[in-house]
Amino acid sequence: MNTMEDKATAAATGASATERFRTDKSGATDTPPERVSMLAREVLDAVHDVIRRHQVTYPEYDALKAWLIQVGADGEWPLFLDVFVEHVVEEVANAAREGSKGTIEGPFYAPGAPRLGADATLPMREGEKGTPLVFHGQVRSVDGQALGGATVDIWHCDDDGYYAQFAPGLPEWNLRGRITADGDGRFWIRTIQPAPYQIPTDGATGALIRAANWHAWRPAHLHMKVSAPGYQVITTQLYFPGDPHNDDDIAMAVKPELMLDPRPAADGRGADVEYDYVLDPA
Ligand code: MBD
Ligand code: FE
């Protein structure tokens with residue numbers, strides 16, 4: 001990946017995210033024509049309504065067309081949709097769950113990360129920049145049973161806000177790993193604290209953000225998918241208190257239940273944080 005250019009440009013990041021989506025999620029669907037018709041009709045009706053209410057002009061219509069073309073050219077449909085739309089899809093999908101809160105997956109998950117034991121250090125470069133973080137917890141079922149052997153598939157950006165496989169120059173699995181919990185469902189993950197993330201500003205999504213005078217920030221976050229046989233996988237994120245963007249995440253994916261409570265580490269180096277997961281039966 002990142003064959004296009006040797007820099008973390010929107011086009012290179014977008015091409016990687018688009019390629020990843022095509023590989024992992026075919027997009028094929030058996031949605032019946034009646035439902036396609038209803039959804040397409042109502043989306044178009046909503047667009048027509050906005051045009052009438054705001055008296056949209058031909059120059060504005062052409063600006064929209066040019067922008068939509070550029071989102072595709074930059075490969076930024078995964079980024080744009082995950083930032084501005086996915087949070088509502090997740091809300092609908094997980095409304096009935098009793099266990100841990102989910103939130104959006106975003107465009108930067110890569111399946112097949114290295115498998116690690118219950119007391120794990122994520123793959124990282126020698127002298128990886130950033131505040132050391134020990135993240136530990138337990139995976140249980142909604143009825144309180146410890147889920148021995150559960151999997152915590154975790155990924156996060158580095159101290160500069162870059163995700164391995166979506167920015168050039170990073171080892172393939174940097175700050176990504178699949179941890180197998182011990183017999184009591186417990187895990188320990190040694191890593192560094194991720195930096196706040198600014199979505200690429202040099203592509204079409206960045207152009208919209210600038211044109212609208214919005215900001216491009218997501219608060220610092222850890223991503224994970226937590227699973228165990230017989231239980232629903234939960235895709236979620238965890239956040240750090242005090243981040244200036246916890247209250248105005250551009251992706252609207254922060255929930256109070258997902259806020260960590262880090263403590264200074266016992267050895268005085270970095271932070272120690274505990275978070276337990278609760279899985280719903282499949
Ligand atoms: C991210 O890191 C992210 O988590 C989301 C949802 C969108 C863009 C970048
Ligand atoms: Fe992210």
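Counting convention: from 1, in listed order, for ligands and their atoms alike. No experiment lies behind these values; they were computed from the predicted model shown.
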Would you tabulate the polar-atom pairs, meaning N/O of ligand 1 against N/O of the protein, with distances under 3.5 Å, reported to 0.1 Å?
from	atom 1	to	atom 2	distance (Å)
ligand 1	2 (O)	Y163	OH	2.8
ligand 1	2 (O)	H221	NE2	3.3
ligand 1	4 (O)	R218	NH1	2.9
ligand 1	4 (O)	H221	NE2	3.1
ligand 1	4 (O)	H223	NE2	2.9

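Within the sub-2.8 Å shell of the Fe ion (ligand 2), the protein contributes these N/O/S atoms: Y163 OH, H221 NE2, H223 NE2.
Between F108 and F166, the ring planes are tilted. Angles from 30° to 60° get that label. By the 30° and 60° cut-offs, the orientation of the rings of W77 relative to W67 is perpendicular.
Of the residues listed (I179, N174, I192), the one engaging L122 in a side-chain contact (heavy atoms from CB on, under 4.5 Å) is I179, and it is the only one. Partner of V139 under the side-chain contact (heavy atoms from CB on, under 4.5 Å) criterion, chosen from V226, D184, T151: V226.
Within the structure, salt bridge (Lys or Arg N to Asp or Glu O under 4.0 Å) contacts touching residues 224-240 (residues at least two apart or in different chains) are E105-K225.
Using a 4.0 Å cut-off between charged side-chain N and carboxylate O, R125 and D158 make a salt bridge.
For D182, the side chain to side chain donor-acceptor pair (under 3.5 Å) criterion is met by no residue, not counting sequence neighbours.
The backbone N or O of V278 lies less than 3.5 Å from a partner atom in the side chain of S100, making a donor-acceptor pair. Side-chain N or O atoms of N94 include none that pairs as donor or acceptor with a backbone N or O of R97 at under 3.5 Å.
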